[in-house]
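Chain A is the first sequence line, chain B the second, and so forth, proteins listed ahead of strands; every chain is numbered from 1.
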2 protein chains.
Amino acid sequence: MRRSRGRPRQFDSETVLDQAVAAFSVHGYSATSLDELARATGLNRPSLYNAFGDKEALYLQALEHFVSRLRTALADTVVAEADLPTALRKLFLGALAVYFAERPALGCFVFCTAPVEAVAHPAVRALTLGLVEELDALLGARFAAARDAGQLPAHTDPAQMAKLAQATLHTLAIRARAGESRASLERFIEHTVAVLAPVTKASRRRGTSRS
Amino acid sequence: MRRSRGRPRQFDSETVLDQAVAAFSVHGYSATSLDELARATGLNRPSLYNAFGDKEALYLQALEHFVSRLRTALADTVVAEADLPTALRKLFLGALAVYFAERPALGCFVFCTAPVEAVAHPAVRALTLGLVEELDALLGARFAAARDAGQLPAHTDPAQMAKLAQATLHTLAIRARAGESRASLERFIEHTVAVLAPVTKASRRRGTSRS
DNA sequence: TATAAATTATGCGAACTGTTACAAAATTAT
DNA sequence: ATAATTTTGTAACAGTTCGCATAATTTATA
């Protein structure tokens, strides 16, 4: 790997984007100043501009960075886990861990901060809708697979169940940021998993664990 | 009703708050300037200050105004309607009508714009959590009544079903603002009503209509 | 070693932000 | 009528915003 010609960068782009995600998560796009972003990332404003473009471009790249991390996390839970209730439980509890990572809880970076900007910034809107549709598709495929494997009633509509599962993510994000307790949300998750993926006699016979 | 002493106001507070709700709904709290608010309401900035206090106070009163309107709308649907599936359908479709009132769709004023500010402004956070809890309680009572009337299985957990119903509102709000089509959300509503309030043999015999 | 290329740092500036003083206008009470 | 009181409009304030021009620094290449 050849090094580029001029003075080398003194920062790692991924790290900076992580820090930008953290900064934007607190006050959202509009209320986060470039001064704050510079402080949070350790670079100064011209460096931010040189590397990422203007404020909107930086916000968009922070969103994309967050989504790409989310994508890999989903592959490890929703796709990899064979048992549907376990997959859903892992998904929701994993989301909760992210939403409560800071004090106070900040909820989901995309679902709690992007909708506000979606109206004024078409690119933000497209990214948000893109994530929503991607999750619908991923979860839809997961529900379809479970149904085809006989873990769900044959009349189940996988696409609509997927939307209900994503609705759970949305409400968890909003409730966490609004200040609802983590314990309350954990109880809600347990109930919701039971509604979305009722344990059938067959799966009970197979003895699916809850880890 | 005695008139107050000085020069009378040239505006109606309720109307101004409606206009403030509309203005804040577009760009959220931070990105809406007092100039925009003055233009939207027809008053000039000092009048806004005199009548409502600073920007945060105005935003809070706009939120409260919106919630109080919502409260009366809920009384007409969720509480008044005897049949649970019909009540839920009216609730969700009524929400959709509000979320799609403008072009592009703006979603819910509270659930789409307040969460961002909730972290920095404790009063906004309290109001948001207050609305969430109020809806939980209202819907919980509605599900409990339906269960006690034999319209739902005896093992139903009304409080958790209420949270799932509110999750539907949250996802409708986010999806509408992100640009998902109204037709798609109407299909989702139909499916969700069937999941939350399955039509039992008893209610089918009673012949509940869908209007 | 000299040159080109890229990043970093300092600092500036024009525009906009929320907020407040102040005087003019409009109404009620005395 | 005069005084008291409240709202309105103009204007201005101090602080912050984003973005950029410029110069200094660091590296690869010729």
Side-chain angles (χ1 to χ4, degrees), chain A residues 1-17 19-21 23-63 113 116-117 120-124, chain B residues 1-17 19-21 23-63 113-114 116-117 119-124:
Chain A
M1 176 171 177
R2 287 265 303 283
R3 255 179 124 167
S4 67
R5 198 131 112 89
R7 177 173 176 171
R9 290 210 169 141
Q10 293 177 348
F11 60 88
D12 172 54
S13 293
E14 301 268 306
T15 310
V16 167
L17 284 178
Q19 291 162 329
V21 167
F24 275 129
S25 290
V26 180
H27 294 117
Y29 171 76
S30 300
T32 305
S33 70
L34 283 175
D35 276 340
E36 281 182 78
L37 289 164
R39 208 178 317 123
T41 58
L43 353 170
N44 36 26
R45 273 170 308 184
S47 289
L48 280 175
Y49 270 80
N50 181 39
F52 304 100
D54 67 2
K55 192 184 175 184
E56 183 181 349
L58 174 58
Y59 180 62
L60 261 159
Q61 287 169 77
L63 286 172
T113 79
V116 201
E117 310 304 326
H121 303 270
V124 175
Chain B
M1 177 171 177
R2 286 267 300 286
R3 255 177 121 169
S4 68
R5 197 134 111 90
R7 177 172 177 173
R9 290 210 169 141
Q10 294 177 347
F11 60 89
D12 172 55
S13 292
E14 301 268 308
T15 310
V16 168
L17 284 178
Q19 293 162 328
V21 167
F24 276 129
S25 290
V26 180
H27 294 117
Y29 171 75
S30 300
T32 305
S33 70
L34 283 174
D35 275 339
E36 282 182 78
L37 289 164
R39 208 179 316 125
T41 58
L43 336 181
N44 36 26
R45 275 167 301 175
S47 289
L48 281 174
Y49 269 81
N50 181 39
F52 304 99
D54 66 4
K55 191 185 176 184
E56 183 180 350
L58 175 58
Y59 180 63
L60 262 159
Q61 287 168 77
L63 285 172
T113 78
V116 200
E117 310 303 326
V119 172
H121 303 270
V124 175

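- Computed from coordinates, the B:L43 CG to D:dG9 P distance equals 8 Å when rounded to whole Å.
- The CZ atom of A:R7 sits 18 Å away from the P atom of D:dT29 (whole-angstrom rounding).
- Contacts of residues 50-63 of chain B with DNA chain C (heavy atom under 4.0 Å): B:D54, B:K55.
- Nearest to the side chain of B:N44, among D:dT25, D:dT10, C:dT19, sits D:dT10.
- Among the heavy atoms of the strands lying under 4.0 Å from A:L34 are primed sugar atoms or P, OP1, OP2 only; no base atom is included.
- Ring pair A:F11/A:F52 is tilted by interplanar angle, where 30° to 60° counts as tilted.
- Contact check, B:S47 against D:dT7: no side-chain N or O comes under 4.0 Å of OP1 or OP2.
- In this structure, the CD atom of B:E36 is 8 Å from the P atom of C:dT17, given to the nearest Å.
- Donor-acceptor pairing under 3.5 Å is recorded for the side chains of A:N44 and A:S47.
- To the nearest 0.5 Å, the span separating OG on A:S30 from NZ on A:K55 amounts to 6.0 Å.
- Atoms OH (B:Y49) and C1' (D:dT10) sit 17 Å apart, rounded to a whole Å.
- Residue A:L37 contributes atom CG, which lies 17 Å from atom P of D:dT16 at whole-angstrom precision.
- Looking at which nucleotide of DNA chain C each of A:G42 and B:S30 is closest to, the 5′-most match is held by A:G42.
- Here A:F24 pairs with A:Y59 under the ring-ring contact (aromatic ring centres under 6.0 Å, His included) rule; sequence neighbours left out.
- Within the model, atoms CG of B:L58 and CG of B:L63 stand 9.5 Å from one another, a figure rounded to the nearest 0.5 Å.
- Per the geometry, CD belonging to B:Q10 stands 5 Å off P belonging to D:dT8, to the nearest Å.
- In this structure, the CZ atom of B:R45 is 11 Å from the C1' atom of D:dG9, given to the nearest Å.
- Here B:D35 pairs with B:R45 under the salt bridge (charged side-chain N to carboxylate O under 4.0 Å, His left out) rule; sequence neighbours left out.
- Comparing D:dT17, D:dT26, C:dT19 against the side chain of A:D35 picks out D:dT17 as the nearest.
- D:dT8 atom P lies 7 Å from atom CZ of B:R9, rounded to whole Å.
- Nucleotide C:dA9 is matched to D:dT22 when pairs are restricted to Watson-Crick or G-U wobble geometry with both distances under 3.5 angstrom.
- At a threshold of 4.0 angstrom between heavy atoms, the contacts of B:R5 include nucleobase atoms, whether or not backbone atoms are also involved.
- Comparing D:dC20, D:dT10, C:dG18 by their nearest atom to the side chain of A:P46 picks out D:dC20.
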From CA spacing to verdict: side chain to side chain contact (heavy atoms under 4.5 Å, CB included), B:V26, B:T32: CA-CA 8 Å; B:V26 180; B:T32 305; over 6 Å; no

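- Within 4.0 Å of A:T32, counting heavy atoms only, lie sugar-phosphate atoms of the nucleic acid but no base atom.
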